[in-house]
Amino acid sequence: MGIFGGTFDPVHYGHLRTAFEMLQALRFDQVRFMPCGDPPHRGTTYAAAALRLKMVQAATAGQAGFVVDDRELLRDGPSYSVDTLAELRHEFPQRPLAMIIGMDAFLGLPKWYQWREIIQLAHVVVAHRPGWRAPDMGPLGELLADRGTHRINDLHQAKSGHIYIHDVTQLEISSTEIRELIAVGRDPRFLMPDAVRDVIMDSDCYAAGDQGQVE
Ligand code: ATP
């Protein structure tokens, strides 16, 4: 199964198309969207956790294979991926787990809490993003040389331990840009499903002047 964590503040078509292409191309039985509670690397979120969850639920409703998992929102304290993956490994002892992250996030992986442990628990599947290159030096360069694979079958035959870089349709959409656009009074339509836009419009969660909130 693919596990797709993020702040999803808000979720947009860059996330959804990436998850969908991974689901199909990498033959995952499901992709689990995992909105994070208190993001350890980023400090604050803008929309409250309950709203971010509602947006992810609205965005994924009706798509076979898309599952929403709210465990990180229910947990107190910082959301560490390693803890989430350890829980999933316990629940699904025999299934391959694959953590899906964008190339921008992958480049920051060595700063994550117990990042080497993450690769023991799951595969890491990296989505190419515009403007970012795969590292060929440093700890991630070494990791790619050691654990990188181009074979989708490796993601099914082993339960964890491989790094796979996958080209996805490049949609240069970011949550930050969406929030900025809304804050200056513009309409985010067509960057996300209408059902997500409705949640944003109804709650006014990205109105100008909102400096973000610690959850
Ligand atoms: P922000 O602009 O606030 O940093 P974001 O758009 O990058 O947000 P996140 O919720 O931080 O969204 O991202 C969750 C995951 O989705 C990360 O692994 C990120 O790399 C990936 N991702 C985000 N946007 C895209 C995109 N347009 N295409 C592919 N992957 C994406």
Side-chain angles (χ1 to χ4, degrees), residues 2-26 28 31-49 51-60 66 68-70 72-73 78-82 84-85 97-112 115 118-119 122-135 140 163-183 188 190-193 196-197 199-200 205-206 210-215:
I3 299 139
F4 193 25
T7 44
F8 301 123
D9 195 13
V11 64
H12 53 65
Y13 280 133
H15 301 128
L16 293 163
R17 183 69 205 173
T18 295
F20 188 60
E21 291 186 12
M22 297 271 184
L23 180 75
Q24 297 209 314
L26 306 187
F28 291 137
V31 171
R32 258 173 202 248
F33 287 74
M34 187 90 66
C36 66
D38 176 7
H41 335 274
R42 319 199 355 168
T44 58
T45 56
Y46 294 82
L51 272 179
R52 293 186 290 111
L53 175 65
K54 194 172 170 187
M55 290 190 270
V56 173
Q57 284 166 337
T60 54
F66 277 6
V68 182
D69 186 327
D70 63 0
E72 291 194 353
L73 298 176
S79 295
Y80 290 118
S81 299
V82 70
T84 303
L85 291 171
L97 302 177
M99 182 175 80
I100 298 171
I101 55 178
M103 184 62 83
D104 57 321
F106 179 65
L107 295 177
L109 188 68
K111 295 199 198 84
W112 293 22
W115 71 280
I118 289 176
I119 302 144
H123 302 299
V124 177
V125 173
V126 184
H128 242 295
R129 288 191 71 177
W132 300 88
R133 272 192 44 226
L140 290 178
I163 315 285
Y164 183 94
I165 298 180
H166 187 62
D167 283 328
V168 291
T169 301
Q170 302 289 283
L171 294 170
E172 208 165 350
I173 304 174
S174 82
S175 301
T176 303
E177 282 168 23
I178 291 174
R179 291 192 305 268
E180 287 171 359
L181 194 119
I182 296 169
F190 306 124
L191 294 173
M192 61 185 66
V196 176
R197 176 178 170 270
V199 176
I200 295 173
C205 57
Y206 300 122
D210 187 341
Q211 296 305 305
Q213 56 173 52
V214 182
E215 290 172 34

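Values in this document were obtained by computation on a predicted structure and should not be read as measured data. Counting starts at 1 for both ligands and their atoms, in listed order.
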Any Phe4 heavy atom less than 4.0 Å to ligand 1: yes
Per-atom contacts of ligand 1 with Ile101, taking only distances under 4.0 Å to non-hydrogen atoms: 18 (O)
Selection from Met22, Gln170, Arg17, His15 by shortest heavy-atom distance to atom 12 (O) of ligand 1: His15
Proximity to ligand 1 by part of His12, non-hydrogen separation under 4.0 Å: side chain
Ser175: numbered ligand 1 atoms lying under 4.0 Å from its heavy atoms: 1 (P), 2 (O), 3 (O), 5 (P), 6 (O), 8 (O), 12 (O)
Atom indices of ligand 1 within 4.0 angstrom of Thr176 heavy atoms, with elements: 1 (P), 2 (O), 3 (O), 4 (O)
Subset of ligand 1 atoms that lie under 4.0 Å from at least one heavy atom of Gly6: 10 (O), 14 (C)
Ile173 and Arg17, any side-chain heavy atoms less than 4.5 Å apart: no
Per-atom contacts of ligand 1 with Thr7, taking only distances under 4.0 Å to non-hydrogen atoms: 9 (P), 10 (O), 11 (O)
Per-atom contacts of ligand 1 with Gly5, taking only distances under 4.0 Å to non-hydrogen atoms: 14 (C), 15 (C)
Euclidean distance, Thr84 OG1 relative to Asp69 CG, rounded to 0.5 Å: 8.0 Å
Subset of ligand 1 atoms that lie under 4.0 Å from at least one heavy atom of Phe8: 10 (O)
Residue part near ligand 1, for Ala127, under 4.0 Å between non-hydrogen atoms: neither
Leu171 contact mode with ligand 1 (heavy-atom cut-off under 4.0 Å): backbone
Counterpart residues, salt bridge (Lys or Arg N to Asp or Glu O under 4.0 Å), relative to Glu180 (two or more places apart): none
Heavy-atom side-chain proximity of Val11 to Met192 below 4.5 angstrom: no
Polar atom proximity, Gly102 to ligand 1 (N or O, under 3.5 Å): yes
Main-chain N/O of Pro10 paired with Ser175 side-chain donor or acceptor, under 3.5 Å: yes
Whether over 12 other heavy atoms sit under 6.0 Å from Trp132 CH2: no
Any donor-acceptor pair under 3.5 Å from Glu21 side chain to Thr169 backbone: yes
Asp104: numbered ligand 1 atoms lying under 4.0 Å from its heavy atoms: 19 (C), 20 (O)
Residues forming a ring-ring contact (aromatic ring centres under 6.0 Å, His included) with Phe28, sequence neighbours excluded: none
Donor-acceptor contact below 3.5 Å, side chain Arg52 vs main chain Ala47: yes
Arg179 and ligand 1 - part of the residue with a heavy-atom distance under 4.0 Å: side chain
Heavy atom of Thr18, distance to ligand 1 below 4.0 Å: yes
N/O donor-acceptor pair under 3.5 Å between Gln170 side chain and Val168 backbone: yes
